[in-house]
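Take a look at the structure set out below.
Chain A is the first sequence line, chain B the second, and so forth, proteins listed ahead of strands; every chain is numbered from 1.
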Amino acid sequence: MNIPEPSNFIQEIIVDDLKTGKRNAVHTRFPPEPNGYLHIGHAKSICLNFSTAAKFGGKTNLRFDDTNPSKEEIEYVDSIREDVRWLGFDWEEREYFASDYYDQIYDFAEQLILKGKAYICELKGDAVSEYRGTLTEAGKPSPWRDRPVSENLDLFRRMKAGEFEEGACFLRAKIDMAHPNMNMRDPAVYRIKKASHHRTGDKWCIYPMYDFAHPISDWIENITHSICTLEFEAHRPLYDWFLQALELKNCPQQIEFARLNLTYTMMSKRRLLELVQNKVVMGWSDPRMPTISGLRRRGYSPSSIREFCDRIGISKADSMVDINLLYFCIREELNASAQRAMAVLNPVKVVIDNWEEGRFDEIEVENNPENPAQGNRKILFGREIYIERDDFMENPPKKYFRLHPDGEVRLKGAYFIKCVRVDKDDQGNILEIHCTYDPASRGGESPDGRKVKGTIQWVSVPHAVSAEVRLFDHLFTLENPADVPEDKVWSDYLNPNSMIKCEAKLEPMMGKATLADRYQFMRLGYFCLDSEENKQGKLVFNRTVELKDSWGKMQAK
RNA sequence: UGAGCUAUGGUGUAAUGGUAGCACAACAGAUUCUGAAUCUGUUUGUCUUGGUUCGAGUCCAGGUAGCUCAACCA
């Protein structure tokens with residue numbers, strides 16, 4: 001086999017394993033717990049597991065890590081399937097559940113008991129932690145630690161039979177109560193939980209702990225490299241201990257990498273759930289959420305997310321990725337492919353005084369200047385148009401090159417117009433801007449060769465399509481919402497302007513937009529139809545990401 | 001003297017004992033019928049102190065800082 005060059009430390013381990021003959025294949029798995037929706041951090045793990053295996057000719061399983069029936073739901077299983085598939089990965093027929101292995105895992109637990117490596121402990125709640133000791137002090141042995149094997153086995157079988165209440169007793173591995181690694185101080189292996197499981201129903205009233213179920217599940221599936229995040233590093237000795245205690249061969253190897261942190265983004269599943277439950281957002285798929293479903297609804301493509309995951313790299317150092325990189329990835333793709341359209345989010349009417357009423361002119365504009373193959377389209381231009389309120393200033397600052405009194409601006413694809421007068425109400429608000437146009441500038445060039453610095457988009461008043469447009473910003477105002485000052489809580493940093501709704505005017509073709517379409521509203525950003533509102537038949541557009549704005553940046557200074 | 005892990009520009013990531021590179025961001029200019037895109041250029045880096053070596057970001061030792069671990073969660 002021709003072994004590819006490694007491009008991160010995990011691949012280095014794999015290449016080494018392949019070269020030394022420790023492994024002759026690569027098999028990974030993506031093991032989500034179905035207790036919430038997948039987010040961009042999971043996307044990193046999904047891409048890592050699937051592409052790493054693929055690179056070395058191996059396979060990746062989808063395995064639901066469902067060992068805690070009280071937190072897990074079928075709704076989450078469905079969403080996880082959908083999201084992984086949407087991201088572009090295929091687990092073929094290898095869809096598994098840890099709960100598929102409950103019988104085997106149970107048998108392994110009995111074996112552990114038979115080998116004298118596990119016992120039933122009757123310590124309750126606080127007593128368990130008391131006996132465990134602290135980070136700096138050794139724990140002490142449970143009074144039940146040296147029960148005879150037969151008694152342990154009997155008790156364990158009675159636990160399984162439902163003879164005891166929750167918390168009455170639990171199965172523990174017999175390792176070392178003085179171990180410097182707290183995870184090795186006789187960790188729990190099985191606990192009683194009288195809860196219905198989303199797949200096994202009421203068959204079981206005892207459930208294995210993650211630390212026990214995970215290595216066994218990996219082993220059953222012939223996983224070679226079990227990739228997980230850094231917080232499981234201290235669990236690795238336990239992972240290895242169980243496999244060794246059970247005398248298993250061809251064992252998987254756990255490798256940890258640093259999870260993704262993104263600026264201005266909350267990645268904790270628990271807090272994401274709170275946002276949903278407290279109705280801070282419209283649900284798991286709110287376009288402001290970092291969930292896969294949120295990104296999808298926002299207009300991100302699977303390929304842009306994969307590109308992002310590829311660019312951020314893999315390492316063991318804690319890091320905080322600048323969200324601008326995500327923005328860059330989707331802009332780069334959409335710039336090359338998105339249909340251009342003209343839209344006005346905050347309209348003000350312009351009347352062209354020297355244009356006859358009722359006359360219209362057919363203007364031709366490119367669908368995508370980055371890709372001429374996308375062709376041109378025709379739009380009607382007339383006496384009354386909308387332009388962006390921001391594209392006119394009565395008293396413009398230096399270097400403002402859009403419309404202003406006596407100033408000339410180009411209407412995209414149409415004509416040069418010059419502002420001659422402004423109509424205002426009593427409060428001084430602008431009602432209408434009156435302009436004259438230069439008939440010789442049709443198409444946007446003047447035969448006299450005079451230059452017009454500014455070009456703005458426009459929408460014909462009688463042909464305009466009205467729609468709601470939603471502009472999104474960070475949900476949090478803190479760069480790291482996971483790290484709030486001591487006297488504050490994270491909800492103090494919610495951004496009140498994370499969603500702004502506009503009543504916009506769009507060019508006529510936007511009335512026929514479909515869910516699959518991606519648009520660049522010229523000078524405003526990239527947009528797509530909102531999938532939820534579309535179900536109600538409403539025309540609502542989401543801004544996926546704005547265009548870079550060097551003018552805005554200049555103004556801010 | 002609890003254990004483990006980590007440390008490269010503002011951010012992320014390469015360099016596997018031999019010229020510190022790439023991307024994003026930032027800045028400047030060119031260009032532009034999108035103040036976008038594109039093009040050109042610029043700024044900024046090996047946590048620290050020793051040691052090994054002809055040569056150290058890389059190896060060794062000591063510091064420092066950050067992260068993780070005391071659920072019958074995953």
Chi-based syn or anti call at B:A71, which uses purine or pyrimidine torsion atoms and a 90° bound: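 Glycosidic conformation of B:A71: syn.
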Applying a 4.0 Å non-hydrogen cut-off, can you work out what [X] is touching in the nucleic acid: base, sugar-phosphate, or nothing?
X        : answer
A:Arg402 : base
A:Leu123 : base
A:Phe328 : sugar-phosphate
A:Pro31  : nothing
A:Gln520 : base
A:Arg132 : sugar-phosphate
A:Tyr400 : base
A:Thr134 : base
A:Leu325 : sugar-phosphate
A:Tyr207 : nothing
A:Lys553 : sugar-phosphate

What distance, rounded to whole Å, do you find between the two [atom1] atoms, one in [N] and one in [M]?
N     : M     : atom1 : result
B:G21 : B:G57 : C1'   : 13 Å
B:G41 : B:G4  : P     : 49 Å
B:A14 : B:C59 : P     : 15 Å
B:C72 : B:U64 : C1'   : 39 Å

Phosphate contact ([N] OP1 or OP2) by [X] side-chain N/O below 4.0 Å:
X        : N     : value
A:Ser7   : B:A14 : no
A:Arg270 : B:C73 : no
A:Arg172 : B:A71 : no

Integer-rounded Å distance: B:U34 P and A:Leu547 CG: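 A:Leu547 atom CG is separated from B:U34 atom P by 11 Å.
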Atom-to-atom span, CG of A:Asn181 to C1' of B:G4 - whole angstrom: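 Distance, rounded to whole Å: 7 Å.
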Kindly point out which of [options] is positioned nearest to the side chain of [X]?
X        : options             : result
A:Lys453 : B:U32, B:G35, B:A37 : B:U32
A:Glu231 : B:U11, B:A74, B:C72 : B:A74
A:Asn68  : B:A23, B:C73, B:A71 : B:C73
A:Glu233 : B:G2, B:C5, B:U68   : B:C5
A:Thr67  : B:A74, B:G35, B:C73 : B:A74

Parallel, tilted or perpendicular: ring planes of A:Tyr239 versus A:His214, cut at 30 and 60 degrees: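 A:Tyr239 vs A:His214 ring planes: tilted.
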Aromatic plane relationship, A:Tyr415 with A:Phe381 - under 30° parallel, 30 to 60° tilted, over 60° perpendicular: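 Tilted: the ring planes of A:Phe381 and A:Tyr415 meet at 30° to 60°.
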Lys/Arg-Asp/Glu bridge criterion (N-O < 4.0 Å) met for A:Lys160, A:Glu110: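 No, A:Lys160 and A:Glu110 are not salt-bridged.
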Crowding at NZ, A:Lys418 (>12 non-hydrogen neighbours, <6.0 Å):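 Counting neighbours around NZ of A:Lys418, 12 or fewer heavy atoms of other residues, nucleotides or ligands fall under 6.0 Å, so no.
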RNA chain B base-pair string [pairs: Watson-Crick or G-U under 3.5 Å; |: paired with another strand]: .((((((..((((....[..)))).(((((.......)))))....(((((..]....))))))))))).....
For RNA chain B, the residues among residues 308-320 of chain A that have a non-hydrogen atom under 4.0 Å from it: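 Contacts with RNA chain B under 4.0 Å: A:Arg311, A:Ile312, A:Ile314, A:Ser315, A:Lys316, A:Ala317, A:Asp318, A:Ser319, A:Met320.
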Distance-only donor-acceptor test (3.5 Å): side chain A:His235, base B:A74: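 Between B:A74 and A:His235, which were checked side chain against base, a qualifying N/O pair under 3.5 Å is present.
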